[in-house]
Number of protein chains: 2
Amino acid sequence: MDEVPGSVGTSASFSLRLGQTIFSSASLLFMSLGVEFYSYTAFCYLVTIMGLVIPWSFTLALVDGYSVLVKCPLRQPGILLIIVLGDWVLSILTLAAASSTLGVVDVLLKSDASYYPIKFCSRYQISAAMAFLSWFLSFGSFLFNLWLLPTL
Amino acid sequence: MDEVPGSVGTSASFSLRLGQTIFSSASLLFMSLGVEFYSYTAFCYLVTIMGLVIPWSFTLALVDGYSVLVKCPLRQPGILLIIVLGDWVLSILTLAAASSTLGVVDVLLKSDASYYPIKFCSRYQISAAMAFLSWFLSFGSFLFNLWLLPTL
């Protein structure tokens with residue numbers, strides 16, 4: 001069987017999952033170390049989604065690392081289908097969370113600056129950018145695994 | 001060749017495209033008949049994206065209607081690939097626009113009500129809901145056409 005680079009059990013997939021874990025953790029940290037993130041629904045939503053993405057990516061990174069070490073790639077259609085569906089749902093949710101966070105930050109920047117400290121806004125922007133990067137990698141994983149799915 | 005319901009040139013696809021056109025037009029109208037939509041980036045973004053989705057869906061609705069009338073479905077891989085890519089990009093952009101609009105509306109609702117009239121907020125919410133429905137239908141079209149693509 002042909003090996004699709006980036007699909008489950010390859011070193012490229014391991015890198016993608018590691019990147020997702022790092023970016024979503026960075027997004028969560030930048031958001032939640034600010035004290036007022038729970039005052040807006042969009043920020044709470046981003047924190048919730050990042051809390052889902054981190055364990056998902058980390059678990060799959062462990063699976064990939066194990067597959068690379070024992071040189072036995074995972075090739076079961078059922079498991080692959082679950083991974084594809086999970087990536088798909090999480091990437092949609094991540095995109096929605098990152099967009100709504102950017103929309104909210106834009107409003108906060110235009111509102112009265114004394115009402116809201118401006119230094120928090122740049123942190124929220126960095127958090128949204130990290131979420132976008134995480135979405136991009138997650139979407140890459142989804143496409144590679146979807147490509148592999150019909151060949152099984 | 002098997003007919004995939006919902007792919008280009010079927011009556012189901014015609015209904016999907018018609019629904020997209022109606023929902024995105026409704027979203028555009030609810031947003032732009034308010035006078036202050038250009039004061040927030042997220043609202044301008046939603047209007048821009050809806051201005052892209054409406055002609056795209058309307059053109060494809062015409063193509064589908066024509067194909068159904070002459071009973072000759074479109075089966076060229078190149079054109080189908082362009083349609084799949086277009087649906088894909090537009091559905092991502094629509095989702096991002098709808099999410100950021102909802103995030104902004106949430107902030108406006110929590111801000112001082114006298115500063116911003118509350119009746120505009122419900123209009124913006126309806127507009128975002130219409131954009132979500134348009135995204136849902138657009139995503140359906142994308143999936144059906146993607147399913148057809150490898151069989152050509």
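Convention: sequence-line order gives letters A, B, ...; per-chain numbering from 1.
- A continuous path of hydrophobic side-chain contacts links B/L102 to A/F132 [ILVMFWY only; heavy atoms under 4.5 Å].
- By the rule that hydrophobic residues join a cluster once side-chain heavy atoms approach within less than 4.5 Å of another member, B/V8 and B/L81 end up as members of one cluster.
- In the hydrophobic clustering of this structure, A/W56 groups with A/I79; members are Ile, Leu, Val, Met, Phe, Trp, Tyr whose side-chain heavy atoms approach within less than 4.5 Å, directly or through other members.
- Using a 4.5 Å heavy-atom threshold, the side chains of A/I92 and B/W135 count as touching.
- Atom SG of B/C44 is separated from atom CG of A/D106 by 9.0 Å, given to the nearest 0.5 angstrom.
- No path of Ile, Leu, Val, Met, Phe, Trp and Tyr side chains, each step under 4.5 Å between heavy atoms, connects B/L18 with B/Y66, placing them in separate hydrophobic clusters.
- Interface residue A/F139: only side-chain heavy atoms are found under 4.5 Å from chain B.
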Given side-chain contact (heavy atoms from CB on, under 4.5 Å), test B/L95 with A/L95 step by step and report yes or no. CA-CA 8 Å; B/L95 177 65; A/L95 178 63; 4.0 Å; yes
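- Nearest heavy atoms, B/Y40 versus A/V107: CD2-CG2, 3.6 Å.
- Grouping the Ile, Leu, Val, Met, Phe, Trp and Tyr side chains by contacts below 4.5 angstrom, directly or via other members, places B/F14 apart from B/V84.
- Closest approach of A/G103 to B/S100, counting heavy atoms only: CA-CB, 4.2 Å.
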